[in-house]
J.: 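Could you have a look at this structure, given as structure tokens, before my questions?
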Amino acid sequence: MLTLNLLEPAASAIAFERFLFPDGQPHITIKTESLPDHRESCRIITRMANANDVLLALLVHQTLSTLGFERIELVISYLTGARMDRVMTNGEPFSLKVIAGIINMAGFHKVAVFDPHSNVSTALLNRSHAIDNTRFVSDAIQNDQARFPAGNWCLVSPDAGALKKVHDVAQVIGAGHVVECLKTRDVKTGKLSGFKVFDGDLAGKTCYIADDICDGGGTFIGIAGQLRKHNAGRVVLIVSHGIFSKGFSLAGIDAIYTTDSFRTFDSVHDSLTVLPVMTYLTR
Ligand SMILES: O=P(O)(O)OC[C@H]1O[C@H](OP(=O)(O)OP(=O)(O)O)[C@H](O)[C@@H]1O
């Protein structure tokens with residue numbers, strides 16, 4: 001399908017130029033000479049890491065629609081607001097509902113979201129589906145084992161939110177052992193506590209923690225500390241969306257695998273491997 005690729009402009013079949021006006025407003029000019037005469041369907045691929053990304057996708061939709069495209073699909077590598085999938089505390093917004101409402105107004109024919117935080121994203125976005133993290137997690141484990149051959153290994157679910165997804169991944173990739181963990185986040189302060197590992201002696205197994213997002217990394221530092229108490233071997237973090245707001249050095253984590261779904265990485269830290277998200281967005 002004809003694609004306008006905001007993630008990788010050089011690979012975009014529909015050519016464009018994008019820039020910011022001096023007041024910060026995003027803008028785009030589509031090179032109409034790159035468009036076919038027959039304009040039926042097309043797809044926009046983008047990250048929605050902030051409000052300007054959301055606005056730009058809507059501007060692109062409006063432009064393509066004006067240029068004659070009837071079926072316009074949207075592929076989102078990272079969806080801002082996906083973590084605010086409920087009203088956390090009285091007086092706070094249900095951000096995901098607001099953002100989904102804005103995207104819905106554009107009337108995309110189909111919307112795909114890479115590893116959304118929860119199924120509330122696809123429940124709120126019209127005609128949407130999730131692209132799961134199975135292929136990414138599988139690639140990360142293969143990549144890691146090629147570099148550090150591991151005898152025994154297990155998949156780790158760091159908290160209740162990740163549990164179902166980790167079991168789904170384990171089934172597809174044939175992971176025999178899933179370690180279930182818990183943490184508690186005080187939604188008023190963001191403070192983490194109560195890290196628990198519901199398993200016995202891990203006997204030096206390599207532990208692959210799989211989750212959607214690493215923000216500050218507190219979840220994974222806390223769980224890695226507990227895994228070590230259970231005699232874990234290498235502890236490896238596999239997260240679809242790497243924010244790394246407090247850097248890439250996470251105590252107790254030996255290696256990190258992520259994608260460029262949320263951000264690009266100018267220089268890559270020794271322990272960090274970035275797999276291109278584009279590989280997982282289209283089949
Ligand atoms: O790197 P960190 O700063 O620790 O944040 C990352 C964690 O936060 C998110 O879950 P969240 O704590 O929002 O819990 P939830 O699954 O209950 O929504 C995410 O799924 C990770 O588990």
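In this chain, numbering begins with 1 at the start of the sequence shown. Whatever order the structure lists them in is the order used to number ligands and atoms, beginning at 1.
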J.: Hey, are R234 and D144 close enough for a salt bridge, meaning a charged N less than 4.0 Å from a carboxylate O?
T.: yes
J.: Could you tell me how the ring of F248 sits relative to the ring of H269: parallel (under 30°), tilted (30 to 60°) or perpendicular (over 60°)?
T.: tilted
J.: Around atom 21 (C) of ligand 1, find the nearest protein heavy atom and jot down its residue, atom name and distance.
T.: D211 OD2, 3.2 Å
J.: Between F69 and H61, is the ring centre distance below 6.0 Å?
T.: no
J.: Compute the shortest N/O to N/O distance between G216 and ligand 1 and return yes if it is under 3.5 Å, no if not.
T.: yes
J.: Which is it for D215 and ligand 1 at heavy atoms under 4.0 Å: side chain, backbone, both or neither?
T.: both
J.: Below 4.0 angstrom from a heavy atom of D212, which ligand 1 atoms are there? Numbered from 1 as shown, please.
T.: 19 (C), 20 (O)
J.: Pick whichever of G217, A162, S118 has a heavy atom sitting closest to atom 1 (O) of ligand 1.
T.: G217
J.: Can you list the atoms of ligand 1 that are under 4.0 Å from a heavy atom of D159?
T.: 22 (O)
J.: For atom 14 (O) of ligand 1, what's the nearest protein heavy-atom neighbour? Residue, atom name and distance, please.
T.: K183 NZ, 3.9 Å
J.: Using non-hydrogen atoms of the residue, decide whether K246 is closer than 4.0 angstrom to ligand 1.
T.: no
J.: What's the shortest distance from atom 18 (O) of ligand 1 to any protein heavy atom, and which residue and atom give it?
T.: H117 NE2, 2.7 Å
J.: Does either side chain, that of H177 or that of N152, offer a donor lying less than 3.5 Å from an acceptor on the other one?
T.: no
J.: Where is the nearest protein heavy atom to atom 17 (O) of ligand 1: which residue, which atom, and how far?
T.: R86 NH2, 4.0 Å
J.: Taking the basic N atoms (NZ, or NE/NH1/NH2) and the acidic carboxylate oxygens, is any pair closer than 4.0 Å for D168 and K164?
T.: yes
J.: Do me a favour and list the nearest non-hydrogen protein atom to atom 6 (C) of ligand 1 with residue, atom name and distance?
T.: I213 O, 3.3 Å
J.: Is K165 salt-bridged to D115, cutoff N-O under 4.0 Å?
T.: yes
J.: Can you tell me the protein heavy atom closest to atom 5 (O) of ligand 1 and the distance?
T.: R185 NH2, 3.2 Å
J.: Which of the numbered atoms in ligand 1 are below 4.0 angstrom from a heavy atom of G161?
T.: 16 (O)
J.: Would you please say whether a donor-acceptor pair under 3.5 Å links the side chains of D132 and T134?
T.: yes
J.: For atom 4 (O) of ligand 1, grab the closest protein heavy atom and report residue, atom and distance to one decimal in Å.
T.: T219 OG1, 2.5 Å
J.: Using only heavy-atom distances, determine whether the side chains of K188 and T89 contain a donor-acceptor pair under 3.5 Å.
T.: no
J.: Does one hydrophobic cluster hold both L6 and I99, with members joined at side-chain heavy-atom distances below 4.5 Å?
T.: yes
J.: For the residue pair Y78 / D53, report whether a side-chain donor-acceptor contact shorter than 3.5 Å exists.
T.: no
J.: Measuring from the heavy atoms of C214, does anything fall under 4.0 Å of ligand 1?
T.: yes
